[in-house]
Colleague: 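Handing you this structure, nothing more for now.
Worth knowing before you read on, the calculation uses all heavy atoms, side chains too, and leaves out hydrogens, waters and symmetry mates.
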Amino acid sequence: MTTSLARNRNYTLLWSGQAVAEVGFSASLIAFPLLVLAVTGSPAASGLVLAVDAAAQLLAGLPAGVLVDRWDRRRIMLACEAAQAVALGTLVVALLHGVASVLHMAVVAAVMGVCRALFEPAEDACLPKLVPDEQLATAVAMNSARTSLGQMAGTALGGVLFAVTRWLPFLVDLLTHCVAFVTLLFLRVPPRTPTVGKADFLGEIRSGLRWVWQRREIRVTAVCAVVLNLFFSAFYLVVIVLAQHRGVSPAVIGVMAAMLGVGGVVGSLLAPRLHRVLGPYVSIAGVFWAVTLLTPVSLLVADGYALGGVFALMMVLAPTANTTISTHQLLLTPDELRGRLSGVLAVAVGLAGVLGPVLGGVLTEFLAPTDAVVVCAVGIALVTAFVTVSPTLRRYADQEVVS
């Protein structure tokens, strides 16, 4: 008889430690631009520090996947938590002494980005070793719920803590990484043989890219997800501009943005059941069709709270699709390639997340907001049409997995 996830000591340790760390990370993430703006008075400098964080995570993505496959994954996670705690500690000390500089903040942001690039594939690669195959989908969904809850709670907490004093959100983040470090000390991951020095570094990166590209089901779902993320990220910015044009207050726009998190939480809680009931193809196609049908609704809705409701509905099915895709990919990929799989996909999705707002900005610069929404809607509809007729996705459940 399979032990429930709640009674799985190792999974519970990993989940609970990272749940705490997610809150701290989100608190410092929202506080970072506020801190840079308060210290320098420059919005450009504030954007630069956030860009350093994103760029570091992207640049480290492919090498991080190789290291995760070469080295002990638990030790990588421990090192990431320790490095983030040390980096945040230096920032707290600098703030207490009034000597924090933009360069120092950028270095801390870079450390945080690199650590996320390493930690996330290490955790993903460990997951199939910690839970039985039949519970992997539920574990993936619960991790998604953990992230959404952490983002919601941490974002709200970060603003409150920063209002108390500038260094407090970063101290809280430091403490949460210490908690996560302690929980990882008690984590027991089944042993594996790290592949240290078996191939040149660039060769291993190429082998990871080749694995993703040669597996048609991974390639197709990755390309479709990247295109959807690109246009949805653009749409998100366009809708905010549209709401401003319609006179929606900044406070209500904040509520709109928060509703994405609400939809993500609800969807994550429903994902384990929906994953089983809908099946792989409908689980994947469902989120594409939901976004396709709801995107034009933003042209008909003027109320900010109603737009927030549209955002929430768009996100409800996303965790189910993510659960289906992530679970299948982890089971399909040999253990020695799982780090590189996660690294490659993280870079692809990250690039879409970076380029999406750029696309949205260009669209709103040259088009009316309503016309920009139409462009995004057309792009989303085209990729949805491909998903609908794709024979690869229709046969998604039939792909062979690694035992």
Side-chain angles (χ1 to χ4, degrees), residues 61-62 65-66 68-69 120-121 123-129 131-141 143-144 204-232 267 271-272 274-292 317-353 380-403:
L62 295 180
V66 174
V68 166
D69 287 334
E120 290 171 7
E123 182 185 16
D124 289 344
C126 280
L127 205 55
K129 297 287 189 180
V131 301
D133 289 355
E134 62 270 20
Q135 292 183 336
L136 186 58
T138 302
V140 170
N143 284 1
S144 179
E204 291 187 56
I205 290 178
R206 286 194 296 270
S207 68
L209 290 168
R210 189 163 50 247
W211 167 262
V212 172
W213 188 253
Q214 288 178 344
R215 300 302 305 209
R216 182 175 177 81
E217 61 277 25
I218 296 180
R219 182 176 75 243
V220 170
T221 51
V223 170
C224 291
V226 165
V227 174
L228 180 64
N229 284 336
L230 174 70
F231 281 104
F232 181 78
L274 290 178
H275 167 76
R276 292 192 299 269
V277 171
L278 298 180
Y281 171 68
V282 176
S283 294
I284 296 169
V287 67
F288 284 84
W289 273 106
V291 176
T292 298
L317 290 179
T320 301
N322 179 65
T323 296
T324 299
I325 294 170
S326 297
T327 302
H328 187 72
Q329 288 175 347
L330 285 172
L331 292 175
L332 179 71
T333 305
D335 181 63
E336 64 269 17
L337 282 166
R338 282 172 177 155
R340 277 166 282 181
L341 168 75
S342 295
V344 170
L345 297 180
V347 169
V349 174
L351 282 173
I380 292 169
L382 288 174
V383 70
T384 298
F386 175 82
V387 167
T388 303
V389 301
S390 170
T392 300
L393 295 180
R394 286 182 174 276
R395 297 194 304 268
Y396 201 74
D398 299 329
Q399 305 296 336
E400 183 182 357
V401 299
V402 176
S403 61

Colleague: Calculate, to the nearest 0.5 Å, the distance between atoms CD1 and CG belonging to I218 and L332 respectively.
Modeller: 4.5 Å

Colleague: Contact between L351 and V226 at the side-chain level, heavy atoms closer than 4.5 Å - yes or no?
Modeller: no

Colleague: Only counting residues at least two apart or in another chain, list the ones meeting side chain to side chain donor-acceptor pair (under 3.5 Å) with T323.
Modeller: none

Colleague: Step by step, work out the side-chain contact (heavy atoms from CB on, under 4.5 Å) result for L209 and L62.
Modeller: CA-CA 9 Å; L209 290 168; L62 295 180; 4.2 Å; yes

Colleague: Which heavy atom of A125 sits nearest a heavy atom of D335, and at what distance?
Modeller: O-OD1, 4.1 Å

Colleague: If every non-hydrogen atom of P121 is compared with every non-hydrogen atom of G339, which pair is closest and at what distance?
Modeller: CB-O, 3.7 Å

Colleague: When you look at F231 and V227, which way does the side-chain contact (heavy atoms from CB on, under 4.5 Å) test go after all the steps?
Modeller: CA-CA 6 Å; F231 281 104; V227 174; 3.9 Å; yes

Colleague: For residues 283-291, tabulate all N or O donor-acceptor pairs below 3.5 Å that involve a side-chain atom, not counting sequence neighbours.
Modeller:
from, atom 1, to, atom 2, distance (Å)
S283, OG, G279, O, 2.6
W289, NE1, T388, OG1, 2.9

Colleague: Sequence neighbours left out, what passes side chain to side chain donor-acceptor pair (under 3.5 Å) with R210? Give chain and number order.
Modeller: none

Colleague: Taking only residues two or more places apart in sequence, or in another chain, which ones meet L382 in a side chain to side chain contact (heavy atoms under 4.5 Å, CB included)?
Modeller: V378

Colleague: As an exercise, state the distance from CG of L331 to OG of S326, rounded to the nearest 0.5 Å.
Modeller: 10.5 Å

Colleague: How many angstroms lie between atom CZ of F386 and atom OG1 of T392, to the nearest 0.5 angstrom?
Modeller: 7.0 Å

Colleague: Considering residues at least two apart in sequence or located in another chain, which fulfil the side chain to side chain contact (heavy atoms under 4.5 Å, CB included) criterion with L230?
Modeller: A352, L355, L359

Colleague: Ignoring hydrogens and geometry, is there a side-chain-to-backbone donor-acceptor pair from S390 to V387 under 3.5 Å?
Modeller: no

Colleague: Hey, could you give me the CG/CG distance between L330 and D133, rounded to the nearest 0.5 Å?
Modeller: 10.0 Å

Colleague: Applying side-chain contact (heavy atoms from CB on, under 4.5 Å) to I325 and Q329, what does each step give before you reach the verdict?
Modeller: CA-CA 6 Å; I325 294 170; Q329 288 175 347; 3.4 Å; yes

Colleague: Could you pull out the closest heavy-atom pair between T324 and P280, with the gap in Å?
Modeller: CG2-CA, 3.6 Å

Colleague: Please check this pair: side chain of D69 against backbone of R340, looking for a donor-acceptor N/O pair closer than 3.5 Å.
Modeller: yes

Colleague: Of all heavy-atom pairs between T320 and G267, which one has the smallest distance, and what is that distance?
Modeller: OG1-O, 4.4 Å

Colleague: For the CD atom of Q135 and the OG1 atom of T138, what is their distance to the nearest 0.5 Å?
Modeller: 6.5 Å

Colleague: Distance from L341 atom CG to R215 atom CZ, nearest 0.5 Å?
Modeller: 11.0 Å

Colleague: State whether the side chain of N322 and the backbone N or O of A318 hold a donor-acceptor pair below 3.5 Å, judged by distance alone.
Modeller: no

Colleague: My understanding is that only residues two or more places apart in sequence, or in another chain, count here; which of them pass salt bridge (Lys or Arg N to Asp or Glu O under 4.0 Å) with E123?
Modeller: R146

Colleague: Let me see the working for T333 and R338 under side-chain hydrogen bond (donor to acceptor under 3.5 Å, both in side chains), right down to the final yes or no.
Modeller: CA-CA 6 Å; T333 305; R338 282 172 177 155; 6.0 Å; no

